[in-house]
Amino acid sequence: MTVDGIRDRLADLGCDRAIVKRLSQNHNSKNQIYVGKDLTELNGLPIGPLSASESTSSKHGGPTKPKFQAPVALSWLVPDSSVTVPAPSTKVIYYPQYPEVRLSGFLKGCPESPAFLMSPDARGKDEGRILILGLAAEEGDTCPSNSVFAIVLPPEARAAEAVWELATPAEGGFRLWSIGQAEPASADPRRSLISRASEIRGRGWLPLTRMLPDGSVISYNAQNAHGYTIEAAFGVRPNGRAEPDFEGWELKSHVSASGSGAGSPLTLLTPEPDGGMYLTDGQTGLLSFMLAVGHRVPEQKSSASQPFGTKWYFTGAHQVGIVNAKPTPTLLQLSGFTDAQTFDAQGHVELLGPGQNVLASWSFSKLLDHWKTKHASTCYLPVELDRANNRLRLKDEIWVAEGTRFGLFLDGLCRGDVFYDPGTSATLMGSTGQWRFKRRNQFRAKPGNLASLYDSFVKIPLA
(Lines give C-alpha, C1' and ligand atoms only; values in the text may rest on other atoms or scores of the structure.)
Protein backbone atom coordinates (compact mmCIF):
# COMPACT_ATOMS: atom_id res chain seq x y z
CA MET A 1 0.00 0.00 0.00
CA THR A 2 1.11 3.56 -0.66
CA VAL A 3 1.09 6.34 1.93
CA ASP A 4 -1.84 7.94 0.14
CA GLY A 5 -3.66 4.61 0.09
CA ILE A 6 -3.17 4.14 3.84
CA ARG A 7 -4.22 7.71 4.52
CA ASP A 8 -7.38 7.33 2.42
CA ARG A 9 -8.31 4.00 4.05
CA LEU A 10 -7.97 5.41 7.55
CA ALA A 11 -9.79 8.63 6.66
CA ASP A 12 -12.69 6.61 5.19
CA LEU A 13 -12.92 4.83 8.55
CA GLY A 14 -13.23 8.13 10.41
CA CYS A 15 -9.60 8.36 11.59
CA ASP A 16 -7.74 11.66 11.68
CA ARG A 17 -4.56 10.49 13.41
CA ALA A 18 -2.54 7.34 14.01
CA ILE A 19 0.01 5.90 16.41
CA VAL A 20 3.05 4.48 14.60
CA LYS A 21 5.61 2.03 15.99
CA ARG A 22 8.68 0.47 14.43
CA LEU A 23 8.70 -3.18 15.46
CA SER A 24 11.79 -5.03 16.61
CA GLN A 25 12.59 -8.74 16.69
CA ASN A 26 10.71 -9.29 19.96
CA HIS A 27 7.52 -7.52 18.87
CA ASN A 28 5.29 -10.39 17.81
CA SER A 29 2.31 -12.46 18.93
CA LYS A 30 4.41 -14.58 21.29
CA ASN A 31 6.35 -11.86 23.07
CA GLN A 32 3.62 -9.22 22.70
CA ILE A 33 4.31 -5.62 21.63
CA TYR A 34 6.11 -3.45 24.14
CA VAL A 35 4.29 -0.15 24.69
CA GLY A 36 6.36 1.44 27.44
CA LYS A 37 6.94 1.53 31.18
CA ASP A 38 3.58 2.99 32.12
CA LEU A 39 0.03 3.56 30.88
CA THR A 40 0.94 7.23 30.42
CA GLU A 41 2.86 6.13 27.30
CA LEU A 42 -0.28 5.01 25.42
CA ASN A 43 -0.24 8.25 23.38
CA GLY A 44 -4.03 8.46 23.27
CA LEU A 45 -4.65 4.77 22.43
CA PRO A 46 -8.24 4.23 23.67
CA ILE A 47 -8.62 1.34 26.07
CA GLY A 48 -11.52 0.05 28.14
CA PRO A 49 -11.83 -0.11 31.94
CA LEU A 50 -8.89 -1.64 33.75
CA SER A 51 -9.31 -4.79 35.81
CA ALA A 52 -6.84 -6.16 38.32
CA SER A 53 -5.62 -9.72 38.68
CA GLU A 54 -2.54 -11.72 39.62
CA SER A 55 -0.10 -12.98 37.00
CA THR A 56 -0.05 -16.78 36.72
CA SER A 57 3.62 -16.75 35.84
CA SER A 58 6.60 -14.67 36.83
CA LYS A 59 9.41 -13.60 34.52
CA HIS A 60 11.98 -14.02 37.27
CA GLY A 61 10.38 -16.87 39.20
CA GLY A 62 8.89 -16.66 42.68
CA PRO A 63 5.35 -15.72 43.68
CA THR A 64 2.71 -14.41 41.31
CA LYS A 65 2.66 -10.68 40.63
CA PRO A 66 -0.13 -8.17 40.04
CA LYS A 67 -1.21 -7.10 36.59
CA PHE A 68 -3.86 -4.79 35.22
CA GLN A 69 -5.45 -5.26 31.81
CA ALA A 70 -7.95 -3.44 29.61
CA PRO A 71 -9.62 -4.35 26.29
CA VAL A 72 -8.80 -2.57 23.04
CA ALA A 73 -11.42 -2.34 20.27
CA LEU A 74 -8.94 -3.20 17.50
CA SER A 75 -9.70 -4.32 13.95
CA TRP A 76 -7.20 -5.21 11.22
CA LEU A 77 -7.41 -3.65 7.78
CA VAL A 78 -7.44 -6.29 5.06
CA PRO A 79 -4.97 -5.22 2.31
CA ASP A 80 -6.45 -4.30 -1.10
CA SER A 81 -9.93 -4.38 0.36
CA SER A 82 -12.37 -2.13 2.19
CA VAL A 83 -12.93 -4.86 4.77
CA THR A 84 -11.91 -4.59 8.43
CA VAL A 85 -11.88 -7.64 10.73
CA PRO A 86 -12.16 -7.34 14.54
CA ALA A 87 -9.47 -8.87 16.75
CA PRO A 88 -11.71 -9.45 19.79
CA SER A 89 -9.02 -10.60 22.21
CA THR A 90 -6.80 -7.51 21.90
CA LYS A 91 -5.86 -5.99 25.23
CA VAL A 92 -3.30 -3.85 26.98
CA ILE A 93 -1.57 -5.43 29.99
CA TYR A 94 0.27 -3.40 32.62
CA TYR A 95 2.88 -5.26 34.71
CA PRO A 96 3.90 -2.79 37.48
CA GLN A 97 6.67 -5.01 38.88
CA TYR A 98 8.90 -4.65 35.80
CA PRO A 99 7.40 -2.05 34.98
CA GLU A 100 6.07 -2.42 31.46
CA VAL A 101 2.93 -2.20 29.34
CA ARG A 102 2.32 -4.59 26.43
CA LEU A 103 -0.23 -4.99 23.65
CA SER A 104 -1.45 -8.59 23.55
CA GLY A 105 -4.00 -10.91 21.90
CA PHE A 106 -4.07 -9.02 18.60
CA LEU A 107 -4.15 -12.18 16.43
CA LYS A 108 -6.37 -14.42 18.54
CA GLY A 109 -9.85 -14.96 17.16
CA CYS A 110 -9.19 -12.91 14.02
CA PRO A 111 -9.30 -14.97 10.79
CA GLU A 112 -7.95 -12.17 8.60
CA SER A 113 -5.11 -10.98 10.86
CA PRO A 114 -1.60 -10.38 9.38
CA ALA A 115 -0.22 -13.47 11.11
CA PHE A 116 2.56 -13.84 8.54
CA LEU A 117 4.03 -10.51 9.75
CA MET A 118 3.27 -10.90 13.46
CA SER A 119 3.81 -14.60 14.20
CA PRO A 120 7.37 -15.59 15.22
CA ASP A 121 6.96 -18.70 13.08
CA ALA A 122 6.75 -16.53 9.94
CA ARG A 123 8.08 -12.96 9.66
CA GLY A 124 7.20 -11.89 13.20
CA LYS A 125 10.88 -11.42 14.04
CA ASP A 126 11.72 -9.15 11.10
CA GLU A 127 13.29 -5.87 12.19
CA GLY A 128 11.78 -2.67 10.78
CA ARG A 129 8.14 -3.68 10.36
CA ILE A 130 5.86 -0.67 10.87
CA LEU A 131 2.68 -0.95 12.92
CA ILE A 132 0.05 1.74 12.29
CA LEU A 133 -2.88 2.16 14.69
CA GLY A 134 -5.49 4.51 13.23
CA LEU A 135 -7.64 6.26 15.85
CA ALA A 136 -11.23 7.26 15.17
CA ALA A 137 -11.77 11.01 15.30
CA GLU A 138 -15.16 10.93 17.03
CA GLU A 139 -18.33 8.91 17.42
CA GLY A 140 -20.13 8.61 14.10
CA ASP A 141 -21.82 6.37 11.60
CA THR A 142 -18.54 4.79 10.50
CA CYS A 143 -17.32 3.55 13.89
CA PRO A 144 -17.35 4.18 17.64
CA SER A 145 -14.92 6.80 18.93
CA ASN A 146 -12.83 4.17 20.76
CA SER A 147 -12.17 2.16 17.58
CA VAL A 148 -8.60 1.33 16.57
CA PHE A 149 -7.76 0.26 13.01
CA ALA A 150 -4.46 -1.53 12.55
CA ILE A 151 -2.20 -2.28 9.64
CA VAL A 152 1.35 -3.64 9.68
CA LEU A 153 3.81 -3.02 6.86
CA PRO A 154 6.83 -5.21 6.03
CA PRO A 155 10.20 -3.44 6.30
CA GLU A 156 10.71 -3.48 2.53
CA ALA A 157 7.45 -1.62 1.85
CA ARG A 158 8.14 1.88 0.49
CA ALA A 159 5.32 3.27 2.60
CA ALA A 160 6.88 1.94 5.82
CA GLU A 161 9.74 4.42 6.05
CA ALA A 162 7.64 7.21 4.52
CA VAL A 163 4.96 6.98 7.23
CA TRP A 164 7.64 6.77 9.92
CA GLU A 165 9.24 10.00 8.69
CA LEU A 166 5.89 11.79 8.56
CA ALA A 167 5.10 10.99 12.20
CA THR A 168 6.19 13.01 15.24
CA PRO A 169 8.37 11.30 17.89
CA ALA A 170 6.32 10.60 21.02
CA GLU A 171 6.31 8.49 24.18
CA GLY A 172 7.34 4.85 24.48
CA GLY A 173 9.12 4.62 21.13
CA PHE A 174 5.94 5.53 19.30
CA ARG A 175 5.30 8.29 16.82
CA LEU A 176 2.10 10.27 16.18
CA TRP A 177 0.90 10.80 12.62
CA SER A 178 -1.67 13.38 11.70
CA ILE A 179 -3.46 11.76 8.76
CA GLY A 180 -3.58 15.00 6.80
CA GLN A 181 0.11 15.73 7.34
CA ALA A 182 2.10 15.78 4.11
CA GLU A 183 5.48 17.11 5.34
CA PRO A 184 7.99 15.28 7.58
CA ALA A 185 7.53 15.92 11.29
CA SER A 186 9.96 17.79 13.53
CA ALA A 187 12.96 15.63 14.34
CA ASP A 188 13.32 17.23 17.80
CA PRO A 189 9.97 17.85 19.57
CA ARG A 190 11.79 19.03 22.71
CA ARG A 191 13.54 21.78 20.78
CA SER A 192 10.25 22.70 19.09
CA LEU A 193 8.59 22.98 22.50
CA ILE A 194 11.29 25.26 23.89
CA SER A 195 11.30 27.38 20.74
CA ARG A 196 7.53 27.89 20.80
CA ALA A 197 7.54 28.67 24.54
CA SER A 198 10.32 31.24 24.02
CA GLU A 199 8.32 32.86 21.23
CA ILE A 200 5.22 33.04 23.45
CA ARG A 201 7.29 34.46 26.29
CA GLY A 202 8.55 37.11 23.89
CA ARG A 203 5.01 38.31 23.18
CA GLY A 204 4.71 39.62 26.73
CA TRP A 205 1.17 40.03 28.08
CA LEU A 206 -1.48 37.94 26.32
CA PRO A 207 -5.24 38.57 26.55
CA LEU A 208 -7.17 35.72 28.18
CA THR A 209 -8.61 33.65 25.35
CA ARG A 210 -9.85 30.23 24.37
CA MET A 211 -9.46 28.47 21.03
CA LEU A 212 -12.59 26.79 19.70
CA PRO A 213 -12.57 23.45 17.84
CA ASP A 214 -12.81 25.30 14.50
CA GLY A 215 -9.59 27.21 15.24
CA SER A 216 -11.20 30.57 16.02
CA VAL A 217 -10.22 32.36 19.22
CA ILE A 218 -12.58 34.10 21.64
CA SER A 219 -12.13 36.16 24.81
CA TYR A 220 -12.42 34.02 27.91
CA ASN A 221 -12.00 34.97 31.57
CA ALA A 222 -13.27 31.99 33.58
CA GLN A 223 -11.29 30.52 36.48
CA ASN A 224 -9.41 28.14 34.16
CA ALA A 225 -8.69 30.79 31.53
CA HIS A 226 -4.91 30.59 32.02
CA GLY A 227 -4.85 27.00 30.75
CA TYR A 228 -6.94 27.74 27.69
CA THR A 229 -4.92 30.87 26.91
CA ILE A 230 -1.61 28.98 26.88
CA GLU A 231 -3.11 26.18 24.80
CA ALA A 232 -4.42 28.75 22.30
CA ALA A 233 -0.96 30.34 22.12
CA PHE A 234 0.47 26.93 21.25
CA GLY A 235 -2.26 26.44 18.64
CA VAL A 236 -3.97 23.62 20.53
CA ARG A 237 -7.62 23.08 19.65
CA PRO A 238 -9.74 21.55 22.42
CA ASN A 239 -11.02 18.07 21.57
CA GLY A 240 -11.45 16.17 24.83
CA ARG A 241 -9.09 13.38 23.72
CA ALA A 242 -6.60 11.72 26.03
CA GLU A 243 -3.63 12.60 23.86
CA PRO A 244 -0.65 14.99 24.03
CA ASP A 245 -1.24 18.66 23.24
CA PHE A 246 1.85 19.79 21.32
CA GLU A 247 4.19 17.49 19.36
CA GLY A 248 3.94 14.72 21.96
CA TRP A 249 3.92 17.01 25.01
CA GLU A 250 1.10 17.55 27.48
CA LEU A 251 0.89 21.24 28.44
CA LYS A 252 -0.02 22.19 32.01
CA SER A 253 0.01 25.87 32.96
CA HIS A 254 -0.29 27.08 36.52
CA VAL A 255 -0.46 30.49 38.14
CA SER A 256 2.78 31.09 39.99
CA ALA A 257 3.44 33.30 42.98
CA SER A 258 4.92 36.69 42.16
CA GLY A 259 8.62 36.44 41.47
CA SER A 260 8.82 32.64 41.64
CA GLY A 261 7.63 29.47 39.97
CA ALA A 262 5.84 28.39 43.13
CA GLY A 263 2.09 28.70 43.35
CA SER A 264 -1.13 26.90 44.11
CA PRO A 265 -1.22 23.09 44.10
CA LEU A 266 -1.83 21.39 40.76
CA THR A 267 -4.59 18.84 40.34
CA LEU A 268 -3.31 15.45 39.17
CA LEU A 269 -6.43 13.25 39.26
CA THR A 270 -10.15 13.77 39.96
CA PRO A 271 -11.52 10.24 40.52
CA GLU A 272 -14.80 9.51 42.27
CA PRO A 273 -14.52 6.90 45.05
CA ASP A 274 -15.53 3.34 44.16
CA GLY A 275 -16.01 2.12 47.72
CA GLY A 276 -17.00 3.09 51.27
CA MET A 277 -19.93 4.96 52.83
CA TYR A 278 -19.71 7.51 50.00
CA LEU A 279 -21.28 4.99 47.59
CA THR A 280 -23.79 3.31 49.91
CA ASP A 281 -27.37 3.44 48.60
CA GLY A 282 -26.70 6.11 45.97
CA GLN A 283 -27.19 9.67 47.19
CA THR A 284 -28.26 8.42 50.61
CA GLY A 285 -24.70 7.28 51.20
CA LEU A 286 -23.25 10.54 49.94
CA LEU A 287 -25.52 12.52 52.26
CA SER A 288 -24.51 10.32 55.21
CA PHE A 289 -20.88 10.86 54.22
CA MET A 290 -21.28 14.64 54.09
CA LEU A 291 -23.11 14.83 57.41
CA ALA A 292 -20.43 12.62 58.98
CA VAL A 293 -17.31 14.48 57.81
CA GLY A 294 -18.45 17.85 56.48
CA HIS A 295 -18.70 21.18 58.24
CA ARG A 296 -21.96 23.11 58.31
CA VAL A 297 -21.98 26.66 56.90
CA PRO A 298 -25.06 28.86 57.37
CA GLU A 299 -26.33 30.45 54.20
CA GLN A 300 -26.39 34.24 54.06
CA LYS A 301 -30.16 34.08 53.64
CA SER A 302 -32.63 31.66 55.15
CA SER A 303 -36.37 31.35 54.73
CA ALA A 304 -39.36 29.52 56.11
CA SER A 305 -39.27 27.21 53.11
CA GLN A 306 -35.63 26.32 53.90
CA PRO A 307 -35.51 26.23 57.70
CA PHE A 308 -32.01 24.80 57.90
CA GLY A 309 -30.63 27.38 55.50
CA THR A 310 -27.42 25.40 55.45
CA LYS A 311 -24.73 24.02 53.21
CA TRP A 312 -22.27 21.32 54.12
CA TYR A 313 -18.68 21.31 52.83
CA PHE A 314 -16.00 18.65 52.93
CA THR A 315 -12.60 20.25 52.33
CA GLY A 316 -9.03 20.20 53.58
CA ALA A 317 -5.73 18.61 52.61
CA HIS A 318 -5.42 14.96 53.66
CA GLN A 319 -2.01 13.29 53.68
CA VAL A 320 -1.43 9.58 54.10
CA GLY A 321 -0.84 8.61 57.72
CA ILE A 322 -1.72 12.01 59.22
CA VAL A 323 -5.01 12.51 61.06
CA ASN A 324 -7.05 15.44 59.79
CA ALA A 325 -8.82 16.44 63.01
CA LYS A 326 -11.38 19.01 61.85
CA PRO A 327 -14.31 18.87 61.84
CA THR A 328 -14.34 15.06 62.20
CA PRO A 329 -11.12 13.08 62.66
CA THR A 330 -10.27 11.32 59.38
CA LEU A 331 -7.23 9.39 58.23
CA LEU A 332 -6.07 8.75 54.66
CA GLN A 333 -4.50 5.32 54.36
CA LEU A 334 -2.63 3.55 51.56
CA SER A 335 -3.11 -0.22 51.54
CA GLY A 336 -1.28 -2.79 49.43
CA PHE A 337 1.70 -0.57 48.61
CA THR A 338 5.37 -1.41 49.22
CA ASP A 339 7.29 0.74 46.76
CA ALA A 340 6.96 2.26 43.27
CA GLN A 341 7.32 -1.16 41.61
CA THR A 342 5.69 -3.36 44.24
CA PHE A 343 2.00 -3.04 45.00
CA ASP A 344 -1.01 -5.33 45.14
CA ALA A 345 -3.52 -5.70 42.33
CA GLN A 346 -6.28 -5.31 44.91
CA GLY A 347 -4.64 -2.35 46.69
CA HIS A 348 -6.51 0.85 47.45
CA VAL A 349 -6.49 4.29 49.03
CA GLU A 350 -9.08 4.72 51.76
CA LEU A 351 -10.39 7.50 53.96
CA LEU A 352 -11.12 6.24 57.46
CA GLY A 353 -13.37 7.83 60.06
CA PRO A 354 -13.81 7.19 63.77
CA GLY A 355 -13.75 3.49 64.59
CA GLN A 356 -11.83 2.73 61.35
CA ASN A 357 -15.06 3.12 59.39
CA VAL A 358 -14.30 3.31 55.66
CA LEU A 359 -15.83 6.59 54.52
CA ALA A 360 -14.52 6.46 50.95
CA SER A 361 -12.02 4.37 49.04
CA TRP A 362 -10.35 4.27 45.64
CA SER A 363 -9.10 0.97 44.22
CA PHE A 364 -5.80 1.02 42.34
CA SER A 365 -7.77 -0.01 39.24
CA LYS A 366 -9.99 3.07 39.62
CA LEU A 367 -7.00 5.37 40.07
CA LEU A 368 -5.26 3.76 37.09
CA ASP A 369 -8.31 4.44 34.90
CA HIS A 370 -7.70 8.14 35.54
CA TRP A 371 -3.92 7.90 35.52
CA LYS A 372 -3.89 6.38 32.00
CA THR A 373 -5.04 9.75 30.58
CA LYS A 374 -1.84 11.40 31.82
CA HIS A 375 1.29 11.63 29.70
CA ALA A 376 4.87 10.59 30.31
CA SER A 377 6.15 13.82 28.73
CA THR A 378 4.71 16.95 30.31
CA CYS A 379 5.65 20.60 30.14
CA TYR A 380 4.66 22.74 33.13
CA LEU A 381 4.35 26.42 32.26
CA PRO A 382 4.32 28.92 35.18
CA VAL A 383 2.35 32.05 34.28
CA GLU A 384 1.74 35.42 35.88
CA LEU A 385 -1.96 36.29 35.89
CA ASP A 386 -3.33 39.85 35.84
CA ARG A 387 -7.04 39.42 36.59
CA ALA A 388 -7.73 43.15 36.68
CA ASN A 389 -6.82 43.44 33.01
CA ASN A 390 -7.76 39.89 31.90
CA ARG A 391 -4.29 39.00 30.73
CA LEU A 392 -1.30 36.78 31.51
CA ARG A 393 2.28 36.29 30.52
CA LEU A 394 4.54 33.27 30.55
CA LYS A 395 7.26 33.31 33.20
CA ASP A 396 10.92 33.12 32.23
CA GLU A 397 11.24 29.33 32.53
CA ILE A 398 9.38 26.13 31.77
CA TRP A 399 9.57 22.80 33.57
CA VAL A 400 10.14 19.81 31.30
CA ALA A 401 9.15 16.52 32.94
CA GLU A 402 9.65 13.07 31.43
CA GLY A 403 9.11 9.48 32.50
CA THR A 404 6.34 9.09 35.04
CA ARG A 405 4.72 5.90 36.36
CA PHE A 406 1.69 5.03 38.45
CA GLY A 407 4.02 3.66 41.10
CA LEU A 408 5.61 7.10 41.47
CA PHE A 409 2.16 8.58 42.06
CA LEU A 410 1.53 6.04 44.85
CA ASP A 411 5.02 6.71 46.24
CA GLY A 412 4.19 10.43 46.25
CA LEU A 413 1.04 9.69 48.23
CA CYS A 414 3.03 7.63 50.70
CA ARG A 415 5.55 10.47 51.22
CA GLY A 416 2.92 13.22 51.42
CA ASP A 417 4.02 14.92 48.19
CA VAL A 418 0.60 14.01 46.74
CA PHE A 419 -2.46 14.61 48.90
CA TYR A 420 -6.23 14.26 48.80
CA ASP A 421 -7.84 17.71 48.64
CA PRO A 422 -11.64 17.44 48.33
CA GLY A 423 -14.09 20.24 47.65
CA THR A 424 -17.44 18.46 47.87
CA SER A 425 -20.62 20.23 49.00
CA ALA A 426 -24.22 19.33 49.85
CA THR A 427 -26.97 21.97 49.82
CA LEU A 428 -30.54 21.57 51.05
CA MET A 429 -32.73 23.22 48.39
CA GLY A 430 -35.53 25.21 49.99
CA SER A 431 -37.77 25.07 46.93
CA THR A 432 -37.85 21.25 46.78
CA GLY A 433 -36.56 20.03 50.11
CA GLN A 434 -34.05 17.96 48.14
CA TRP A 435 -30.32 17.84 48.57
CA ARG A 436 -28.03 19.03 45.76
CA PHE A 437 -24.50 17.70 45.65
CA LYS A 438 -21.36 19.01 44.01
CA ARG A 439 -18.68 16.32 43.87
CA ARG A 440 -15.03 17.25 43.71
CA ASN A 441 -12.56 14.57 44.74
CA GLN A 442 -9.06 15.55 43.71
CA PHE A 443 -5.51 14.40 44.34
CA ARG A 444 -3.05 17.27 44.10
CA ALA A 445 0.60 18.18 44.47
CA LYS A 446 2.42 21.43 45.17
CA PRO A 447 4.62 22.69 42.32
CA GLY A 448 7.74 22.14 44.41
CA ASN A 449 6.95 18.43 44.74
CA LEU A 450 6.29 17.64 41.07
CA ALA A 451 9.86 16.50 40.41
CA SER A 452 9.36 13.42 42.60
CA LEU A 453 6.72 12.13 40.16
CA TYR A 454 9.12 11.92 37.18
CA ASP A 455 12.36 10.26 36.21
CA SER A 456 13.59 13.55 34.77
CA PHE A 457 12.49 17.06 35.77
CA VAL A 458 14.42 20.00 34.30
CA LYS A 459 13.79 23.74 34.62
CA ILE A 460 14.69 25.40 31.31
CA PRO A 461 15.15 29.20 31.05
CA LEU A 462 13.48 30.89 28.10
CA ALA A 463 15.33 33.23 25.83
Side-chain angles (χ1 to χ4, degrees), residues 1-7 9-11 13 15-28 32-47 72 74 77 92 100-103 106 114 117-118 126-137 148-196 234-236 239 241-251 372 374-379 400 402-404:
M1 296 182 70
T2 65
V3 173
D4 287 341
I6 296 170
R7 181 187 288 118
R9 284 290 309 278
L10 292 176
L13 291 166
C15 301
D16 63 351
R17 66 211 189 283
I19 300 170
V20 183
K21 185 172 182 66
R22 176 174 279 156
L23 303 181
S24 66
Q25 188 178 45
N26 290 329
H27 293 148
N28 51 55
Q32 307 171 335
I33 296 175
Y34 178 77
V35 173
K37 292 182 178 181
D38 191 76
L39 292 168
T40 55
E41 298 182 33
L42 288 175
N43 292 287
L45 179 71
I47 64 176
V72 181
L74 184 142
L77 275 65
V92 160
E100 63 185 30
V101 179
R102 290 186 174 271
L103 186 66
F106 43 80
L117 284 172
M118 300 303 292
D126 286 11
E127 295 276 355
R129 292 161 294 144
I130 296 294
L131 176 67
I132 303 171
L133 303 174
L135 308 183
V148 179
F149 297 99
I151 184 170
V152 61
L153 303 174
E156 69 272 12
R158 295 180 62 183
E161 191 64 26
V163 170
W164 184 253
E165 292 300 322
L166 284 171
T168 302
E171 300 155 349
F174 285 96
R175 292 195 171 194
L176 300 177
W177 179 32
S178 175
I179 300 301
Q181 184 176 328
E183 297 297 325
S186 167
D188 192 344
R190 185 187 179 102
R191 178 174 293 181
S192 296
L193 172 73
I194 298 170
S195 177
R196 179 66 67 88
F234 273 87
V236 178
N239 55 39
R241 299 172 184 155
E243 61 183 32
D245 298 310
F246 178 80
E247 295 196 16
W249 295 91
E250 180 180 12
L251 306 176
K372 70 188 182 186
K374 300 290 138 183
H375 299 282
S377 300
T378 300
C379 177
V400 175
E402 297 176 276
T404 190

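For the residue pair Asp38 / Thr40, a side-chain donor-acceptor distance below 3.5 Å is found, with atom types taken as modelled.
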*Show your reasoning for whether side-chain contact (heavy atoms from CB on, under 4.5 Å) applies to Phe174 and Leu45.*
CA-CA 11 Å; Phe174 285 96; Leu45 179 71; over 6 Å; no
*Give the C-alpha distance, both sets of side-chain angles, the deciding distance and a yes or no for side-chain contact (heavy atoms from CB on, under 4.5 Å) between Asn28 and Met118.*
CA-CA 5 Å; Asn28 51 55; Met118 300 303 292; 5.5 Å; no
*Yes or no on salt bridge (charged side-chain N to carboxylate O under 4.0 Å, His left out) for Glu247 and Arg190, after CA distance, side-chain angles and deciding distance?*
CA-CA 8 Å; Glu247 295 196 16; Arg190 185 187 179 102; over 6 Å; no
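The minimum heavy-atom distance linking Pro189 with Trp249 is given by the pair O-NE1, 3.5 Å. Of all non-hydrogen atoms in Lys21 and Tyr34, the two that sit nearest each other are CE-O, 2.9 Å. For the pair Ala18 and Leu10, the tightest heavy-atom approach, listed with the atom from each and the gap, is CB-CD1, 4.5 Å. Closest of all the heavy-atom pairs between Val35 and Leu103 is CG2-N, 3.9 Å. Nearest heavy atom pair, residue Ile179 against residue Cys15, reads CG1-O, 4.0 Å. Taking each heavy atom of Pro155 and Arg129 in turn, the nearest pair found is CD-CG, 3.7 Å.
Rounded to the nearest 0.5 angstrom, Leu13 CG and Leu77 CG are separated by 5.5 Å. Distance check: Leu251 CG to Arg196 CZ gives 10.0 Å after rounding to the nearest 0.5 Å. Expressed to the nearest 0.5 Å, how far CD1 of Ile151 lies from CG of Leu153 amounts to 5.0 Å. Distance check, rounded to the nearest 0.5 Å: CG of Asp245 to OG of Ser377 gives 12.0 Å. For the atom pair Met1 CE and Arg9 CZ, the distance stands at 5.5 Å (nearest 0.5 Å).
Residues Leu131 and Ile33 have side chains in contact (heavy-atom distance under 4.5 Å, counting atoms from C-beta outward). Annotation: side chain of Pro46 is in contact with side chain of Leu135 (closest heavy-atom distance under 4.5 Å). Within the 4.5 Å cutoff, the side chain of Phe234 has heavy atoms near those of the Leu193 side chain. Proximity of Ile130 to Leu23: side-chain heavy atoms (C-beta onward) are nowhere separated by under 4.5 Å. Within the 4.5 Å cutoff, the side chain of Leu117 has heavy atoms near those of the Pro154 side chain.
In this structure, the side chain of Glu127 engages the main chain of Gln25 through a donor-acceptor pair within 3.5 Å. Of the possible donor and acceptor atoms, none in the side chain of Arg102 sits under 3.5 Å from a partner among the backbone N and O of Val92. At least one donor-acceptor pair under 3.5 Å links the side chain of Arg17 to the backbone N or O of Ala136.
Salt bridge Asp4/Arg7: present, at least one basic N to carboxylate O contact under 4.0 Å. Arg22 has a carboxylate O that lies under 4.0 Å from a charged side-chain N of Glu161, or vice versa, which qualifies the two as a salt bridge.
A side-chain contact (heavy atoms from CB on, under 4.5 Å) with Trp177 is found for one member of Leu133, Ile19, Ile6 and no other, namely Ile6.
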